Amino acid sequence: MKIAKTHVTTRINGEDVEFLCEARQSLLECLRDVVGLTGTKEGCNDGNCGACSVLVDGRLVNSCLVLGVEAEGKEIATVEGLATPEGLHPLQQAFLENAALQCGICTPGFLIASKALLEREPHPSEERIRFWLAGNLCRCTGYDKIVRAVMHAAAQMRFAAATGSNGATAASGAGESDGAVARAAGTTTAAQPAQAGR
Ligand code: FES
Ligand code: FES
C-alpha cells in the first residue's frame, strides 16, 4: 500500500529545508531519518527524557511529541546549529570543560534546553537551572557537573554581552531569577505538568 506523504517547508538552523513525511511521523523522526540531522537523540520516544529537545520558533519542545508536519513554516533549532565557524557555543565549551557528559546521549537535549533557559534568563540561580532541567534525564553524570557547566556558560555569556568579547575569562556565578516559562509538550501549547518549571 502506498502511503501519502506531506511536503513540509521549514527552516532548520537558519537554512531553508523541505522534506516529505508521513502524517504519523514525529519531528524527531523527520529530523533524524528524513533530513539526516542525527544530533538530536531519541531516548524514551514518549516525552519523558528530554534527549530529543529542540526549539520550535524559540520554544523548547520534546521533538518526539511534535509531528513533523507541524514544522511547516516554523523555525527549528537543533544542536547542530549551536556551534559557529568561530567556535563552539559557550554551553558546549562549558560542558567540555566541566566534564558534564559521559555517554553523551542526553547532551544535545541538555544543551538545547539550557540555551532556551539562558536566552530567557541570563542570570539563573542554581535552583532555577535544576528546576528548568528537571525534564532532561541523564543516567551518567549525577547532574552536578551539568548544572555547574550551565552556570559557567551563563557567566561567560553575560561577560561577553557586557564587554563584546568572547567571555573567555569570565568567572562562574549565579543570581536570582524567577518567572514561569512553560515548556511545550505534545504538539501544541500545553504546559507539561511534570516539567512545570519550563
Ligand atoms: S525521546 Fe525522550 S522525551 Fe523525546
Ligand atoms: S551522559 Fe550518559 S545519559 Fe547523560
Side-chain angles (χ1 to χ4, degrees), residues 8 10 12-13 19 21-71 74 76-83 88-118 126 129-153 181-198:
V8 176
T10 186
I12 303 178
N13 300 326
F19 61 86
C21 69
E22 298 172 27
R24 61 157 191 88
Q25 286 184 294
S26 69
L27 178 57
L28 173 62
E29 203 177 335
C30 291
L31 287 171
R32 288 182 57 84
D33 301 339
V34 180
V35 181
L37 292 175
T38 56
T40 303
K41 302 304 182 201
E42 178 183 327
C44 62
N45 206 26
D46 63 10
N48 281 301
C49 75
C52 64
S53 299
V54 302
L55 303 181
V56 177
D57 283 349
R59 185 164 193 173
L60 184 61
V61 301
N62 291 326
S63 61
C64 68
L65 297 182
V66 176
L67 291 172
V69 293
E70 291 183 279
K74 299 286 197 325
I76 313 292
T78 73
V79 70
E80 285 91 345
L82 282 183
L88 295 176
H89 188 282
L91 277 162
Q92 293 173 308
Q93 192 64 39
F95 269 60
L96 283 176
E97 291 173 2
N98 289 274
L101 66 156
Q102 289 183 36
C103 79
I105 288 292
C106 68
T107 308
F110 271 102
L111 290 169
I112 289 293
S114 301
K115 173 176 151 64
L117 171 62
L118 298 185
E126 178 181 341
I129 293 169
R130 288 183 183 276
F131 193 49
W132 182 273
L133 294 178
N136 290 80
L137 304 183
C138 175
R139 290 296 177 232
C140 304
T141 65
Y143 300 103
D144 281 346
K145 291 176 179 176
I146 291 173
V147 173
R148 268 206 299 281
V150 176
M151 293 175 74
H152 188 73
V181 182
R183 173 175 184 163
T187 57
T188 55
T189 57
Q192 190 164 352
Q195 300 174 353
R198 303 182 176 209

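Both counts, for ligands and for their atoms, begin at 1 and track the order of listing. What you see is a predicted model; the values in this text were computed from it and never measured.
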Minimum side-chain heavy-atom gap Leu27-Glu70 below 4.5 Å:
no
Do Asp144 and Arg148 come within less than 4.5 Å of each other through their side chains, counting heavy atoms only?
yes
Any donor and acceptor pair, going by atom type alone, linking the side chain of Asn62 with main-chain N or O of Asn48 inside 3.5 Å?
no
Does atom NZ of Lys145 have more than 12 heavy-atom neighbours, drawn from other residues, nucleotides or ligands, at distances under 6.0 Å?
no
How about atom 4 (Fe) of ligand 2, which protein N, O or S atoms come within less than 2.8 Å?
Cys106 SG, Cys138 SG
Under the side chain to side chain donor-acceptor pair (under 3.5 Å) rule, collect the residues that match up with Glu22, sequence neighbours excluded.
Arg24
Which residue, Cys52, Ser53, Pro108, forms the side chain to side chain contact (heavy atoms under 4.5 Å, CB included) with Thr40?
Cys52
Listing protein N, O or S under 2.8 Å around atom 4 (Fe) of ligand 1 gives Cys52 SG, Cys64 SG
Quick one: does Asp57's side chain have a donor or acceptor within less than 3.5 Å of a partner on Lys74's backbone?
no
Give every residue pair that meets the side-chain hydrogen bond (donor to acceptor under 3.5 Å, both in side chains) criterion with at least one member in residues 98-116, sequence neighbours excluded.
Lys115-Glu119
Looking at every heavy atom in both Glu80 and Thr38, which two are closest together, and how far apart are they?
OE2-N, 3.4 Å
